Amino acid sequence: MGIWYEGCFASCVSYTEDAHGGTKAALMYLSGCGDGYANTAGTYVGGAMVGSLFIGTYDSGIIQGHDFDSRPTSMSFWYKYKPYNSDAFKVVVSLKNGDREIATGTYEPAASSEEDGEYGHATVDFNYTEPFEKATSICVQFLASNKTSLSQSDFDLGTTITYPVIGDWTVHMGSILKIDDIFLAFDK
């Protein structure tokens with residue numbers, strides 16, 4: 001039908017008060033909607049999305065990155081992951097000078113079906129291809145899953161999530177990722 005209907009979609013990026021430090025942490029998850037994923041009968045256009053938190057803007061599509069003038073060696077963060085079935089999250093970092101990528105880093109734990117009871121710590125080391133150049137922009141993206149295609153088996157259908165501001169919402173939810181205390185290191 002091609003009609004966007006607010007009642008069958010739920011944001012897959014929000015915040016949680018289950019934080020590592022402070023009072024809030026980022027929350028993202030796999031969200032299903034439409035054609036077998038909707039909270040209503042399969043009336044609406046199907047789709048499923050991996051929750052993604054990124055540095056940049058959104059204007060009818062993701063525009064990655066923002067201006068940045070430095071040369072960090074790594075990025076660390078705290079995370080808590082609740083995979084649905086077996087899954088793994090993914091973090092991707094790119095540092096550019098102009099249009100040229102001068103460093104990259106990725107963090108992707110082994111797939112698991114065990115929920116983290118406490119926050120874990122991870123570090124993404126940056127691999128530079130240029131020995132001295134500074135970045136002019138940085139792109140960071142956290143993904144609630146490393147899966148590139150999703151099916152109904154990736155979701156717990158009809159799950160209730162409590163959003164801090166709007167309250168309870170019924171969604172079809174997959175793996176859940178919480179991120180907190182992101183830190184760039186400049187130790188070289």
Side-chain angles (χ1 to χ4, degrees), residues 4 9-31 47-84 86-112 116 118-150 154 164 174-188:
W4 182 83
F9 288 85
S11 169
C12 51
V13 178
S14 183
Y15 71 89
T16 177
E17 293 173 350
D18 177 19
H20 174 263
T23 59
K24 296 177 183 171
L27 170 110
M28 61 210 81
Y29 61 90
L30 271 67
S31 179
M49 54 208 109
V50 174
S52 171
L53 181 66
F54 61 92
I55 292 176
T57 57
Y58 186 88
D59 184 16
S60 300
I62 294 174
I63 301 168
Q64 284 277 1
H66 69 73
D67 292 345
F68 185 75
D69 182 21
S70 198
R71 192 178 166 93
T73 54
S74 65
M75 181 186 79
S76 64
F77 59 94
W78 291 86
Y79 68 90
K80 190 185 274 189
Y81 195 55
K82 180 180 180 182
Y84 184 74
S86 182
D87 203 355
F89 68 92
K90 186 173 184 176
V91 181
V92 180
V93 181
S94 171
L95 294 132
K96 294 181 179 182
N97 184 295
D99 290 334
R100 255 181 331 104
E101 191 170 67
I102 62 169
T104 59
T106 303
Y107 181 82
E108 190 172 350
S112 172
D116 295 329
E118 296 182 14
Y119 273 85
H121 187 257
T123 300
V124 180
D125 292 317
F126 301 148
N127 303 308
Y128 280 88
T129 57
E130 299 293 332
F132 303 108
E133 259 185 297
K134 283 188 176 182
T136 58
S137 67
I138 185 170
C139 304
V140 178
Q141 185 172 26
F142 293 90
L143 298 157
S145 176
N146 64 359
K147 294 180 180 176
T148 56
S149 64
L150 300 170
D154 292 313
S175 300
I176 303 167
L177 175 62
K178 298 173 185 176
I179 297 291
D180 204 1
D181 298 330
I182 301 166
F183 177 79
L184 287 173
F186 300 86
D187 55 2
K188 292 182 183 176

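Quick caveat: nothing in here was measured; it's all calculated off a predicted structure.
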Tell me if the aromatic rings of F77 and F142 count as close, with their centers under 6.0 Å from one another.
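Centroid separation for F77 and F142: below 6.0 Å.
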Could you tell me the separation between the [atom1] atom of [X] and the [atom2] atom of [Y], rounded to the nearest 0.5 Å?
X	Y	atom1	atom2	answer
F54	M28	CZ	CE	11.5 Å
N127	L95	CG	CG	10.5 Å
I176	F89	CD1	CZ	14.0 Å
H20	D181	NE2	CG	6.0 Å
Y119	I179	OH	CD1	8.0 Å
D99	T136	CG	OG1	8.5 Å

Are there more than 12 heavy atoms of other residues, nucleotides or ligands under 6.0 Å from atom NZ of K147?
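Atom NZ in K147 is crowded, with more than 12 foreign heavy atoms closer than 6.0 Å.
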Looking only at non-hydrogen atoms, find the nearest pair between [X] and [Y] and report the distance.
X	Y	value
S74	D125	CB-OD1, 3.6 Å
A88	P109	CB-O, 3.3 Å
E101	K96	CA-CG, 3.9 Å
S145	L30	CB-CD1, 3.3 Å
S76	T123	CB-OG1, 3.8 Å
V124	T106	CG1-N, 3.5 Å

Check: [Y] main-chain N/O paired with [X] side-chain donor or acceptor under 3.5 Å:
X	Y	result
D87	S175	no
Y29	K178	no
D180	G21	yes
S70	P72	no

Is there side-chain contact between [X] and [Y], with heavy atoms separated by less than 4.5 Å?
X	Y	value
L184	F126	yes
S52	Q141	yes
E130	N97	no
D116	K82	no

